[in-house]
There are 2 protein chains.
Amino acid sequence: MSTDALIEQLLAAPPEVGRSVVEALHQLLDDSMLDADDDAPRSVAEAAALVGLTAHTLRYYEQQGLVRPARSPSGHRLYRAADLRRLVFLTRMRLSGMTMHDLTRYVRLVEQGEHTVDERRRIMLEQRERILRRMRELSLALEVTEYKIELYGGSSGA
Amino acid sequence: MSTDALIEQLLAAPPEVGRSVVEALHQLLDDSMLDADDDAPRSVAEAAALVGLTAHTLRYYEQQGLVRPARSPSGHRLYRAADLRRLVFLTRMRLSGMTMHDLTRYVRLVEQGEHTVDERRRIMLEQRERILRRMRELSLALEVTEYKIELYGGSSGA
DNA sequence: CTAGAAGTTCGAGCGCGCTCGAAGGCAAGC
DNA sequence: GCTTGCCTTCGAGCGCGCTCGAACTTCTAG
């Protein structure tokens with residue numbers, strides 16, 4: 001995904017939710033930093049901070065086969081730009097509700113090479129359906145929620 | 001929420017996702033049936049079928065204080081229209097990511113009467129933020145997903 | 001050289017929201 | 001009246017995705 005697209009996402013965010021603009025900016029920042037390809041490898045804690053996960057979780061993801069950072073001679077993990085980009089991808093997909101199971105399956109396919117693109121596309125098509133479905137569920141709930149808010153005197157606290 | 005609003009939701013759903021229109025219609029149907037106020041009380045299994053949960057889950061919700069159906073002389077649960085409407089509300093909010101904890105807190109407030117509307121509004125305002133935030137996360141993931149689909153030859157399977 | 005921070009592996013534990021099964025009671029059709 | 005099936009309560013179990021702690025090693029600042 002391009003940084004431009006991310007910026008558009010940012011701008012598309014409704015203005016009344018100030019707090020999360022900061023957060024979105026943070027995400028944007030992540031991507032920029034990753035794109036900057038300043039190829040000093042990061043430690044597990046640094047990588048975790050950049051993508052907004054814990055070091056524990058990064059090790060867990062590795063154990064699950066989602067990412068495979070290089071190692072220093074002494075065995076410490078070295079996260080490079082490509083690893084960080086993958087982590088951002090993983091985080092986005094996890095946040096959208098893709099299960100660990102599907103994600104590991106997908107990553108395995110990616111690592112098996114080009115002949116797996118058919119199945120990869122199938123996975124992503126299914127994932128798109130799930131996302132759209134979740135969005136419709138959220139719309140429904142948003143409506144209920146706003147109805148209740150109105151009922152209780154509106155956002156203003158009147 | 002009005003049935004009209006639900007119909008609008010339905011129509012607003014993108015046309016390419018045929019399968020879930022059926023599902024949305026099902027939800028709509030639920031509401032109509034509940035609104036029909038055909039006041040024959042339903043058994044736990046009937047109620048479960050109507051709202052799309054299991055009988056086990058309905059009993060669990062009751063145990064958590066989310067709903068309190070009347071009982072027959074012999075102790076069987078009797079779900080009336082009002083109970084079913086509450087169940088639909090609960091289901092929507094659960095699907096939108098509201099936790100059991102927040103939902104029980106909210107329901108407790110409702111049952112405590114009018115003097116709790118301030119806190120109820122606060123809960124719903126927070127919930128709205130969470131929903132909007134989730135929607136933005138989903139948009140981000142949707143974009144990644146569609147990018148991958150395009151990369152793999154598009155929806156058509158080309 | 002040394003203290004302390006941060007890294008490693010491993011396996012156990014946890015919070016959430018159900019989900020299930022056992023043991024027994026009630027209801028409706030034949 | 002009996003059979004069949006749904007109802008009741010209760011407590012245990014489960015799947016997911018982390019999350020944590022122990023025990024040990026390595027790096028870094030002073």
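Heavy-atom basis, side chains included; hydrogens, waters and symmetry copies ignored. Lettering of chains follows the sequences in order, A, B, ..., and the numbering in each one begins at 1.
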Check your understanding: According to the ring pair (Phe, Tyr, Trp, His ring centres under 6.0 Å) rule, which pairs have a member within residues 50-88 of chain A, sequence neighbours left out?
Key -> none
Study note, to complete from the structure: Protein-proximity profile, nucleotides 17-30 of chain D, B/S/- by nucleotide at the 4.0 Å heavy-atom cutoff, equals BBBBB----SS---
Point to revise | Length of the CZ-C1' vector between B/R59 and D/dC10, whole Å | key: 12 Å
Exercise for review: Write down the distance between CD (A/E62) and C1' (C/dT9), rounded to a whole number of angstrom.
Suggested key: 11 Å
**Study point:** Rounded interatomic separation in angstrom, taking CZ from B/R42 and C1' from D/dC6
**Key:** 17 Å
Practice item. Using the ring pair (Phe, Tyr, Trp, His ring centres under 6.0 Å) rule, collect all pairs that involve residues 89-117 of chain A, keeping only residues at least two apart or in two chains. Key: A/F89-A/Y106
Point to revise | Residues forming a side chain to side chain contact (heavy atoms under 4.5 Å, CB included) with A/V117, sequence neighbours excluded | key: A/E114, A/R120, B/Y152
Review point. What's the CD-P distance between B/Q64 and D/dG11, to the nearest Å?
Key: 14 Å
Check your understanding: When all nucleic acid strands are considered with a 4.0 Å heavy-atom cut-off, which category describes B/R77: base, sugar-phosphate, or nothing?
Key -> sugar-phosphate
Check your understanding: Taking CG from B/D102 and C1' from C/dG15, how many angstroms apart are they, rounded to a whole number?
Key -> 15 Å
Practice item. Please identify each residue that fulfils side chain to side chain contact (heavy atoms under 4.5 Å, CB included) with B/R80, with sequence neighbours left out. Key: B/D39, B/P41, B/A70, B/L78, B/D83
Point to revise | side chain to side chain contact (heavy atoms under 4.5 Å, CB included) partners of A/A55, counting only residues at least two apart | key: A/V44, A/R59
Exercise for review: Verify the distance criterion only: is there a donor paired with an acceptor across the side chains of A/E137 and B/S96 at less than 3.5 Å?
Suggested key: no
Exercise for review: Quickly work out the A/Q63 CD to C/dT8 C1' distance and round it to whole Å.
Suggested key: 14 Å
